[in-house]
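Structure, as structure tokens:
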Amino acid sequence: MDEISNYISTDIFFYHSLIVSGALLIIMVLIHMLYNRRTPNSITAWLLFIILLPYVAVALYLIIGSRKREKRYKKETLILKNRTTDENIQNSVDKMLREYGIADASKNSEFKLLFDAVETYNELLSSINEAKKSIYISAYIFKYDRVTKEILNALIKKAKEGLEIKILIDSLGSLPLYLLRHRLEKLKKSGAKVEFFMPVFEMPFRNYINLRNHRKIYIFDNEKVLSGGANLSKEYLGPKDDKSRWQDVMFMLKGGSVEHFFEVFASDWQYASDEQIEYAKSELHEDGEIFLQVVPSGPDVDKDILYEVLLSAIYGAKENIYIITPYFIPNETLIQALIIAHHRGVDIKLITPKEANHTIVNLVRSSYMRELEEAGIKIYLYSGAMLHAKAIIFDSETLILGSVNFDNRSLFLNYEVGTFVYSKKIISEVELWAQKLIEDSSFGTKNVSAPKRIFENLLRILAPQL
């Protein structure tokens, strides 16, 4: 009997300890989340995860749970220099951005939209070949394939000619290249510098695996910039048409905004390499009449600027909103803002892939799209190859291009850069392109069974972490 009593006492003690330690872990994480001002949705998602799998969830929270960087290992706050323009554009979004401390919209002499992957490839390759002084590249995904081999060969040639070449690659987004870095040796030996942003297996106390550099910036001689949504791989661009290639949008610009893109790149480069680089203004720099505003977002920016401006613009819209995004996983606040805007008479169109490239995204986004559709908002599912483009238009007056998706990861976690365009001519070009996407889309979501709908709604728990 004594042995049985001892076993029972041991089991009770074990389970008691397990419950107490689990409760302490939940309290610890909750305090950390509240101290760091996590959103209610995010707190709920993490707490449910911790209750279901406490020790696994806490370990994951310690790895990926932080959103803004801790001061000790923090990347310096990114503040772009303000080049006050002679005239301020009359736009409420621009006004709000300036209130947040974002630099005024700059005047630019050239702006070209690139909707075609072959055109993007040719523009990138010709920009590399025509560069005379410097080439700076920042990419989230850099694959080693038949397309990027040609790009690497062009960069090697320019490096041997003595150009200053700096390439910044996200280590997680480009994990195969990060693990097989010998593929870049020829480029390095030619004189180019290559750095991986926040290396996965290095800088153990500085590294937050959840905070990735999703910015795409290509700068040539400090006079031309290519930016947008496309990464460096055959999925995004190439010398020949390919029906399986993803649909994306890039843009080329020349003018005052080049300096702001340089500042974003220079800040990221300094964090990754400890090397500070200075802006050398191009002799060919000319102001024009195209107003653009460069807006960085992420752990190196104090506030959630893109999210708050997006929310404000939705509430301020009077006529129409176009949303083109590959990953539509918003939070409840954005969903309600869109529904309220629709009830105010705003015509809202969401254009997103019929099938995204991640199954979990397809499952999680469905309940959000159905909620909007049931409220009367138009949903268009693009039937072509994967739609990876990102663009949002408000009232034909404000256009947002860049690397930002309509999801929690882009708006709250990643290092991103958005470009706000205020030229009606450019905005009308994007609207025409959006209409073409709609023509190649099916209208509305399909009906699903009750069990699947319940399952999809349940998956909203995961939304803040995707």
Side-chain angles (χ1 to χ4, degrees), residues 59-60 62-66 69 73-75 124 128 135-156 158-159 164-219 226-238 246 248 264-275 277 298-300 327 357-358 360 388 403 405 409-410 413-417 465-466:
L60 283 174
L62 294 174
I63 296 172
I64 68 172
S66 295
R69 302 304 304 273
Y73 302 110
K74 186 178 179 181
K75 182 177 180 289
L124 175 60
I128 292 172
I135 299 172
Y136 305 133
I137 291 175
S138 177
Y140 175 65
I141 295 174
F142 197 139
K143 289 187 178 179
Y144 189 75
D145 57 34
R146 64 178 185 272
V147 170
T148 56
K149 283 179 185 177
E150 291 301 314
I151 294 170
L152 285 170
N153 287 336
L155 289 168
I156 289 168
K158 300 307 286 189
E164 179 188 18
I165 296 179
K166 300 183 188 299
I167 301 174
L168 182 61
I169 307 167
D170 187 82
S171 62
L172 189 63
S174 304
L175 189 60
L177 192 60
Y178 170 69
L179 296 174
L180 301 172
R181 279 171 276 183
H182 65 274
R183 290 173 168 174
L184 299 171
E185 280 306 308
K186 193 174 180 182
L187 178 63
K188 291 179 181 178
K189 287 178 180 177
S190 69
K193 292 185 178 180
V194 180
E195 295 287 346
F196 282 89
F197 191 86
M198 222 179 290
V200 176
F201 303 119
E202 299 168 32
M203 302 190 302
F205 299 108
R206 292 175 63 185
N207 206 352
Y208 285 93
I209 198 170
N210 205 31
L211 309 178
R212 307 317 312 173
N213 190 341
H214 196 241
R215 295 162 179 161
K216 291 93 174 172
I217 301 172
Y218 310 87
I219 308 172
L226 293 180
S227 190
N231 290 292
L232 295 176
S233 80
K234 61 183 176 62
E235 285 86 6
Y236 298 92
L237 68 171
W246 293 8
D248 218 318
V264 175
F265 176 86
S267 174
D268 294 342
W269 180 262
Q270 183 175 3
Y271 182 71
S273 69
D274 283 331
E275 179 189 7
I277 54 177
D300 56 351
Y327 310 120
N357 60 318
H358 299 296
I360 189 67
H388 191 256
S403 65
N405 296 310
R409 175 157 296 282
S410 271
L413 296 174
N414 287 341
Y415 296 85
E416 304 278 4
V417 61
Q465 316 312 330
L466 292 178

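Residues take their numbers from the sequence shown, with the count starting at 1. Excluded from the calculations below are hydrogen atoms, water molecules and symmetry mates; all remaining heavy atoms, backbone and side chain alike, are included. In this text, all values refer to a predicted model and were calculated from it rather than measured experimentally.
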Worksheet item: Are any of the side-chain heavy atoms of Leu124 and Leu237 separated by less than 4.5 Å?
Response: yes
Worksheet item: Does some side-chain heavy atom of Leu179 sit less than 4.5 Å from a side-chain heavy atom of Val200?
Response: no
Distance-only check: which donor-acceptor pairs under 3.5 Å involve side-chain atoms of residues 145-153, not counting sequence neighbours?
from	atom 1	to	atom 2	distance (Å)
Asp145	OD1	Val147	N	3.0
Asp145	OD1	Thr148	N	2.9
Asp145	OD1	Thr148	OG1	3.2
Asp145	OD2	Lys234	N	2.9
Thr148	OG1	Lys143	O	2.5
Thr148	OG1	Asp145	N	2.8
Thr148	OG1	Asp145	O	3.3
Asn153	ND2	Lys149	O	3.2

Worksheet entry | Over all atoms of both residues, closest heavy-atom pair of Tyr218 and Ala230 | OH-O, 3.3 Å
Worksheet item: Which heavy-atom pair separates Phe196 from Ala272 by the least distance, and what is that distance?
Response: O-CB, 4.4 Å
Item to complete: Indicate yes or no: does Lys166 engage Glu195 in a salt bridge with an N to O separation below 4.0 Å.
Response: no
Worksheet entry | Min side-chain heavy-atom separation Val264-Trp269 under 4.5 Å | no
Worksheet item: Is the backbone N or O of Tyr140 less than 3.5 Å from a side-chain atom of Asp170, with the two atoms forming a donor-acceptor pair by type?
Response: no
Discussion item. Within the 4.5 Å heavy-atom criterion, are Tyr178 and Leu184 side-chain neighbours or not?
Written reply: no
Practice prompt. Applying salt bridge (Lys or Arg N to Asp or Glu O under 4.0 Å), name anything that partners Arg181, two or more places apart in sequence or on another chain.
Written response: Glu202
Discussion item. Would you compute the distance between atom OG of Ser138 and atom CD1 of Ile217 and round it to the nearest 0.5 angstrom?
Written reply: 5.5 Å
Practice prompt. Could you tell me which non-hydrogen atom of Ile141 sits nearest to which non-hydrogen atom of Gly173, and how far apart they are?
Written response: CG1-O, 3.5 Å
Worksheet item: Are the side chain of Ser171 and the backbone N or O of Met198 linked by a donor-acceptor pair below 3.5 Å?
Response: yes
Worksheet item: Of all residues at least two apart in sequence or in a different chain, which pass the side-chain hydrogen bond (donor to acceptor under 3.5 Å, both in side chains) check with Ser227?
Response: none
Worksheet item: Between the side chain of Ser403 and the main-chain N/O of Val417, is any donor-acceptor distance below 3.5 Å?
Response: yes
Discussion item. Just to verify, what does Asp248 make a salt bridge (Lys or Arg N to Asp or Glu O under 4.0 Å) with, not counting sequence neighbours?
Written reply: none
Discussion item. Are His214 and Tyr415, when compared by the centres of their aromatic rings, separated by less than 6.0 Å?
Written reply: no
Fill in: CA sep, side-chain torsions, deciding dist, call: Gln270, Ile277, side-chain contact (heavy atoms from CB on, under 4.5 Å)
CA-CA 8 Å; Gln270 183 175 3; Ile277 54 177; over 6 Å; no
Item to complete: Please check if the side chain of Ser190 supplies one atom and the backbone of Leu187 the other of a donor-acceptor pair under 3.5 Å.
Response: yes
Worksheet entry | Side-chain touch Ile169/Phe197, heavy atoms, less than 4.5 angstrom | no
Practice prompt. Give the C-alpha distance, both sets of side-chain angles, the deciding distance and a yes or no for salt bridge (Lys or Arg N to Asp or Glu O under 4.0 Å) between Lys193 and Asp274.
Written response: CA-CA 13 Å; Lys193 292 185 178 180; Asp274 283 331; over 6 Å; no
Worksheet item: Atom CG in Leu226, atom NZ in Lys216: separation rounded to 0.5 Å?
Response: 14.0 Å
Worksheet item: Does Tyr136 have any side-chain hydrogen bond (donor to acceptor under 3.5 Å, both in side chains) partners at least two apart in sequence or in another chain, and if so, which?
Response: Glu164
Worksheet item: Counting N and O atoms only, with roles assigned by atom type, does the side chain of Arg212 sit under 3.5 Å from a partner on the main chain of Leu413, one being a donor and the other an acceptor?
Response: no
Worksheet item: Which atom names give the shortest non-hydrogen contact between Ser174 and Phe142, and what distance separates them?
Response: OG-N, 2.7 Å
Item to complete: Compare all side-chain heavy atoms of Ile135 with those of Ile219 and state whether any distance is below 4.5 angstrom.
Response: no
Practice prompt. State whether a side-chain donor-acceptor pair under 3.5 Å links Asn213 with Asp268.
Written response: yes
Discussion item. Suppose we screen for side-chain hydrogen bond (donor to acceptor under 3.5 Å, both in side chains). Which residues come up paired with Tyr327, at least two apart in sequence or across chains?
Written reply: Asn357
